[in-house]
Structures are given as structure tokens and as C-alpha cells.
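Everything on this sheet refers to the single structure shown next.
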Amino acid sequence: MSSVSQRPWLVAVILVALWACVYGPGLFHPPLMDDADASHADAGREILTRSDWVTLHENGIRYLEKAPLPYWGMAVGFKLFGVSAWSARLSLHLSVLVLAWFLYFFGRRFLNDRAGFWAAVLFIATIGPYLFTRLLIPDVTVGLFIAFALYFFFEGWQTGKPSLLSCWAIAAAIGLNVLTKGLIGIVFPCAIMFVFLLLVRDLRHILKMHLFSSIVVLLVVAAPWHILAALRNPPQGQAKGFLWFYFVNEQFLRYLGKRYPVDYGTVPIVLFYGLLLVWFLPWSAFFPQALAQIRLRLPRIAGIRNSAEAVLLLMFCWFAVVLLFFSFSTRQEYYLAPALPAFAIVLGFWLAREENSPIGSAIARSGRVSSTVLLVIGLLIAALTGTFAAISHRPPEGVELVDLLARHPADYVLSLGHFLDLTGDAMGLFRGPLAGTAIAFFFGTGLNWLFRRRGKITAANWALVAMLVLFIECAHIAMGVFYPVLGSQPLAAAIQRGLQPGEQIICDGEYAKASSVNFYTGQQMLIYNGRINGLWFGSLFPDSPPIFIGDSQLAQLWSGPARVYFVTGKDTRKDQLQQLGPVYTLAKSSGKFVLTNRQP
């Protein structure tokens, strides 16, 4: 097996096949969800419809919150393959594959072939990166550009005299990261490099990094879009302009938890750290051994720059900077994503060491201890999910998932908040995924334990990979079952079947509640009493289209000559609209309705 990792073309085949198994199905299904998913895709589409690659728009309103590179990627996907959910997701999912491939080369260059191979494999076959790419958010891509920057940084530090081209490559990677996620694109890589040089007592290396010309390269990459965005979106009327909103409100004030409007929650710090064990399941069972390899101070001996200890210290600085940065700010679950590649390399190096250790060695014994712990956890998960699959029953005909959920609206500001609504009664709709999860964890952790007891480490690792592939497929199926609660594509399909020119679609409340209707119909929506959050700032510009309506405009439209489609999640709206005229229910899906003023 070691010969496999020495052949990059064969590693590429394995990684592509594994990526296709894990990420391929999620490209096409389920449809885009409401909120960030579909609204971000709409921003990518409007780049093409407006031929404007500078000022982002959502539903026809200026959208100045985010850096542009992820939306440019979506726009390219739409241009090449047409507007669809899979072409919206393509660039993000490909970034996972590119990052895994780069982790292989990172490990191969600075550690050994097997370390790079396992780092790449487990990065694809683990829960966190998969989960953090279910929505169109770029945090995994941030990790990709950090990896690029640190590769060239470490290469230059090893030689003691970094080349001009390597320093420019660092600057270019940082510039692309700024275009991906804003100022943290500078903060993360620069802080990681600084902390590393501080720990190795070599801050003078900074002076060797061609700072002046590197800063010029960084500005050449990152500055043009910011300058153009500022020029095209100056302060106008009530709008303070791009520079204030993008830098002050969306980055500094958001970090301090004082951003306006507040449309996000924060994960408790203990949970934020603890979730690392979940995001890296099952490989987090080997965290103690992997982290124990790290030495915070390197001895001043010849050859230390080319040692594994130096690489592992750099990886420690990588994930420590990200974790500490968000320890003092508002936090979402996916904010850990930029740190995951560092954990993958540290784990990959330990797995490679375990492969080459005799069966009676301390490393092999510690691996067997972790496999036993993982077996206990796997059997508990298998017992729990298997029991739910066995005792749960499908609900009666006509009962939807939304009818079986315990609603916790206060938790919806968290990215995974909706899944806290699941109840025992709802499990009947997930019997297949639950049974598959039970099988995956029972056999996966069991075979891993058995193989490690016999010293077959490679086979044990592949048992865990197979377990994760099966589990993620079960999770993918479960997300399809859950989709009608989180997305509105069925409502959009019902509207699109009869939509005629001149007819209006109205979203009841905030745009994010039905953004997938906008994406799948391609029709700009009117917003009823929803001038808040995502579209609030853009609506302050004088040229903002008149899409925000109140009671009087709604009454006028409802009694007018054209058909109106009213998308709502409130069943009380029908009684309210009946006071304005006839009301017909065009479609219903998981507690959401399309009401219309004309006979369907």
C-alpha cells in the first residue's frame, strides 16, 4: 500500500473516487435551501444577469455584506453549465477536492508520502468538511488558501532564505483569501506565521520575506475589487456606503457582536471546542496521540528546520490561531472549518507512524486503546440509531415532518438550529438512514477494532473510511427528508407551472424565509413587511427597487387585475387575506403555503 502513496496519479484517482462518493450525490440533491443557500446562489446568478462583477445583488437589491470570490465561482458555474443547484455548488465542492489534493502534497513534501495520503483521505472522509459545504458558505475555501500560503512560507523558512516568487505566492494566496472571506483572509495566515516564528525564536525571518514587493502583490490581487466596490457604492441618502458597511459593520462590529441588524447567534465556547470531536469523527478518537506529537519549543539543533516537529508546530499554530480568534467573538459551528486541514495533517502523520510501528510498540498499543474507545462509541451509536429504526413507525398518511417537530425558533440563528427540533415521533420518517447509520457504525468500528488488534492498520483505516462514506450517504438521504422544512422548491415549482408575465410573487416577511422561491422561479419577489437583515442595507440606496410593500400595497395588488402569489409560513394569513378578496391555496409544503387571489 505504501507504493500507492508514492504515485501521485494513483492518489489522484483514489481521492477523486472518494470525493465522488462523498460529495457527488450532494451536488444534485436536495435542492437549495432557503436563507443563505439560495440567497447566495441568487447573488451569483445576478452577476450574470446584470453583467456586474463588482456589486453583488440579491433579489435586485445591493448585497454588500460578503467578499466576491465565492459568488464569482458560482457565476462561472452558471455560465458554463446553466443555472441549477449543482452548478451553484460545483466550485465549493471542487475546493474540497483541491484542498485534499494539496494536503497530500503538503504532507508528501514536508513529512512523508503516507502522512500526506492519510491527511487527504480523512479530510474527505470526515463529517465536518461535508457538513460545512451543505450550505453555500466559503469557510472551507478559506482553509484552502491558508494551506497555499503556509506551504510557500514553510518552504522558504526551511531554506532560511525564501525566494521572491515564494513570497509573492504567499501574498497572492492571502489576497485571494481576502476576496473569499474579508479581513480574516489576512489575519489568519499572518497570525499563524507570526506565532510560529515567535515560538521558534526566529522573528528575523520576517525581514527576509520581501515585504514591500509582497504587499504590492497582495494589493494587486485584493485591492481592485474593494476600490471599485467603494466607488460604485458611495454613501447615498441613508446608506453609509460600501466601506462602512463592509469593513466596520460586517467585520469589526460582527466580531464584537455589535453588528446591525443582529441576525445570528453564538455557540457556547465549550460546545464550540467540543464539536471538534464530532466534526472529525471517527478520527477524533486518535486526537490524544496526534496532539501529543506536537512540541511547542524546538531545540536549536542542526536539521530541525527539516524535521516533522517543525511541521507539526506550524499545524498547531494554524488551528490554535483559528480557535483562539473565535474564542473572543460571536461563533457559528462552521467557523472551525478553516482549522480542519491542520488537524487532518497532524492526524495523517500519526496514522502513518502507526502503520510503520511494530504490533507491540507503544504507538500500536495506543492505537488499539483508541480503537476500543471508538468501538464503545460506535456500538452506542449503533444501538441508539438501530433502536429508533426498529421501534419508530411511519406517521399516518397526510402527516408531514413539520407536524412532528418541536419548534425552537430561538435556536434558528444557529446554522444547525433547525435539527434541534427533531423528536421521537419524527424518527419514523428517517428509518432508512437510521438503520444505515447503525450498520455503518457497528461494522465500521468493529472491523477497525479487529484489524488494529491484528496489526492491520491500513485495513483498519479503510474500514473507518467505508463507515464514513456509508454514514454520510445516510445523512444525505436524511437531509433530503428534512429539506421541505428548510427549503421552498416545491412551492416554487407550483408557482412556475402557471406563472405569467405581469404576475407578482410576494414573500411574507424576511426574504431569507423563501429565497429558494426566487432562485427557482427566476422572478424578483416583493417583500411584505420584511425590510430587515440581509436586504436592509441595500434597500437604503436611492436606486433600490420598490419591492418592499406594506398593508396598503398588498390590498391594492390583491384586488388588482393580475394574479398574485403569496408565499407564507403562517396559516393565519389566509384569514387576513380573505378580508381583501377571494383566497385560494395553490400549494402547501411542510407548513408553508402559496396563496393566490385567482382560481388556480
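In this structure, Glu333 contributes its side chain and Val267 its backbone to no donor-acceptor pair below 3.5 Å. Looking only at distances, a side-chain donor or acceptor of His393 sits under 3.5 Å from a matching main-chain atom of Ile391. A donor-acceptor pair under 3.5 Å links the side-chain atoms of Ser361 to the main chain of Ala364, judged by distance alone. For Glu355 (side chain) and Ile457 (main-chain N/O), no donor-acceptor pair under 3.5 Å exists by modelled atom type. Not a single donor-acceptor pair under 3.5 Å links the side chain of Arg295 to the backbone N or O of Leu313. No donor-acceptor distance shorter than 3.5 angstrom exists from the side chain of Ser370 to the backbone of Gly367, with no hydrogens or angles considered. Formation of a donor-acceptor pair under 3.5 Å by the Ser284 side chain with backbone atoms of Phe287 is not found in this model. The backbone N or O of Tyr130 lies less than 3.5 Å from a partner atom in the side chain of Arg134, making a donor-acceptor pair.
In this structure, Leu135 and Met33 have side chains that are in contact, with non-hydrogen atoms separated by less than 4.5 Å. Put simply, the side chain of His476 reaches to within 4.5 Å of the side chain of Pro30, judged on heavy atoms. Contact check for Trp449 versus Leu374: no side-chain heavy atoms found under the 4.5 Å cut-off. When side chains are defined from C-beta on, Pro25 counts as touching Glu473, because their heavy atoms get closer than 4.5 Å. With contacts defined as side-chain heavy-atom distances shorter than 4.5 Å, the pair Pro484/Leu401 does not qualify. Asp37 has its side chain out of reach of Phe519: every pair of non-hydrogen atoms, C-beta onward, lies at least 4.5 Å apart. The shortest side-chain heavy-atom distance between Leu347 and Trp350 does not fall under the 4.5 Å cut-off. Two residues are said to be in side-chain contact when any heavy atoms from C-beta on lie closer than 4.5 Å; Leu275 and Tyr334 fail this criterion.
Closest approach of Ala173 to Phe148, counting heavy atoms only: CB-CB, 3.9 Å. Taking all atoms of both residues into account, the shortest heavy-atom contact from Leu199 to Leu296 is CB-O, 3.9 Å. Heavy-atom minimum distance, Ala115 versus Ala352: N-CB, 3.6 Å. Residues Leu32 and Tyr483 share a closest heavy-atom pair of O-OH, 2.8 Å. Listed here is the closest heavy atom pair of Ser39 and Ser515: N-OG, 3.6 Å. Taking each heavy atom of Arg394 and Gly428 in turn, the nearest pair found is CG-O, 3.8 Å.
Geometric assessment of Arg108 against the ring of Phe110 yields a negative cation-pi assignment under the 6.0 Å and 45° thresholds.
Checked for salt-bridge contact, Glu309 and Arg297 miss the test: no charged N lies under 4.0 Å from a carboxylate O. Between Lys592 and Asp34, at least one side-chain N (NZ, or NE/NH1/NH2) sits under 4.0 Å from a carboxylate O, which counts as a salt bridge.
Remark: Lys588 engages Glu400 in a salt bridge (Lys or Arg N to Asp or Glu O under 4.0 Å) (not counting sequence neighbours). Checked against side chain to side chain donor-acceptor pair (under 3.5 Å), Ser329 has no partners two or more places apart in sequence or in another chain. Partners of Phe349 by ring-ring contact (aromatic ring centres under 6.0 Å, His included), not counting sequence neighbours: none found. Looking at residues two or more places apart in sequence or on another chain, you find no ring-ring contact (aromatic ring centres under 6.0 Å, His included) involving Phe388. Take Phe443 and apply the ring-ring contact (aromatic ring centres under 6.0 Å, His included) test, not counting sequence neighbours, and it matches no residue. Partners of Glu155 by side chain to side chain donor-acceptor pair (under 3.5 Å), not counting sequence neighbours: none found. Contacts of Phe272 classified as ring-ring contact (aromatic ring centres under 6.0 Å, His included), with partners at least two apart in sequence or in another chain: none. Scanning for side chain to side chain donor-acceptor pair (under 3.5 Å) contacts around Asn177 gives an empty result, with sequence neighbours left out. With sequence neighbours left out, the side chain to side chain donor-acceptor pair (under 3.5 Å) criterion links Arg89 to no other residue.
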Query raised in the report: Under the side-chain contact (heavy atoms from CB on, under 4.5 Å) criterion, do Phe451 and Leu464 qualify, and how do the steps go?
Result: CA-CA 11 Å; Phe451 286 138; Leu464 294 179; over 6 Å; no

Report task. Assess whether ring pair (Phe, Tyr, Trp, His ring centres under 6.0 Å) is satisfied between Phe328 and Phe325, documenting all intermediate values. Result -> CA-CA 6 Å; Phe328 302 99; Phe325 181 85; 9.3 Å; no

Query raised in the report: Under the side-chain contact (heavy atoms from CB on, under 4.5 Å) criterion, do Leu379 and Phe441 qualify, and how do the steps go?
Result: CA-CA 7 Å; Leu379 292 178; Phe441 276 87; over 6 Å; no

Requested in this report: Verify side-chain hydrogen bond (donor to acceptor under 3.5 Å, both in side chains) between Asn448 and Ser371, making sure each step is shown before the conclusion.
Outcome: CA-CA 7 Å; Asn448 168 66; Ser371 70; 4.7 Å; no

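Considering CZ of Arg365 and CD of Glu354, their distance stands at 12.5 Å, rounded to 0.5 Å. Annotation: the span from Ile124 atom CD1 to Tyr23 atom OH amounts to 7.5 Å, rounded to 0.5 Å. Note that CG of Leu340 is 11.5 Å distant from CD1 of Ile127, once rounded to the nearest 0.5 Å. Atoms CG and CG, from Leu111 and Leu312 in turn, are 6.0 Å apart once rounded to the nearest 0.5 Å. To the nearest 0.5 Å, atoms CH2 (Trp462) and CG (Leu447) are separated by 15.0 Å. Residue Arg7 holds its CZ atom at 10.5 Å from CD1 of Ile14, rounded to the nearest 0.5 Å.
When only modelled atom types and interatomic distance are considered, Trp279 and Thr126 share no side-chain donor-acceptor pair under 3.5 Å. Under 3.5 Å, the side chains of Asn461 and Arg452 contain a donor-acceptor pair of N or O atoms.
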For residues 430-440, dump all side-chain donor-acceptor pairs below 3.5 Å to protein atoms at least two apart in sequence or in another chain.
from: Arg431; atom 1: NE; to: Ala389; atom 2: O; distance (Å): 3.0
from: Arg431; atom 1: NE; to: Ser392; atom 2: O; distance (Å): 3.4
from: Arg431; atom 1: NH2; to: Ala389; atom 2: O; distance (Å): 3.4
from: Thr437; atom 1: OG1; to: Pro433; atom 2: O; distance (Å): 2.8

Taking only distance into account, with no hydrogens and no angle test, what donor-acceptor pairs under 3.5 Å do side-chain atoms of residues 92-103 form with protein atoms, sequence neighbours excluded?
from: His93; atom 1: NE2; to: Thr133; atom 2: O; distance (Å): 3.4
from: Ser95; atom 1: OG; to: Leu92; atom 2: O; distance (Å): 2.5
from: Ser95; atom 1: OG; to: Thr141; atom 2: OG1; distance (Å): 3.3

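Between Phe326 and Phe188, the ring planes are perpendicular. Angles over 60° get that label, and only those under 30° would be called parallel.
Heavy-atom neighbours of Arg454 CZ from other residues, nucleotides or ligands within 6.0 Å: at or below the threshold of 12.
Residues Trp318 and Phe196 place their aromatic rings such that the two centres sit no closer than 6.0 Å.
Among residues at least two apart or in separate chains, there is no ring-ring contact (aromatic ring centres under 6.0 Å, His included) pair with a member in residues 355-384.
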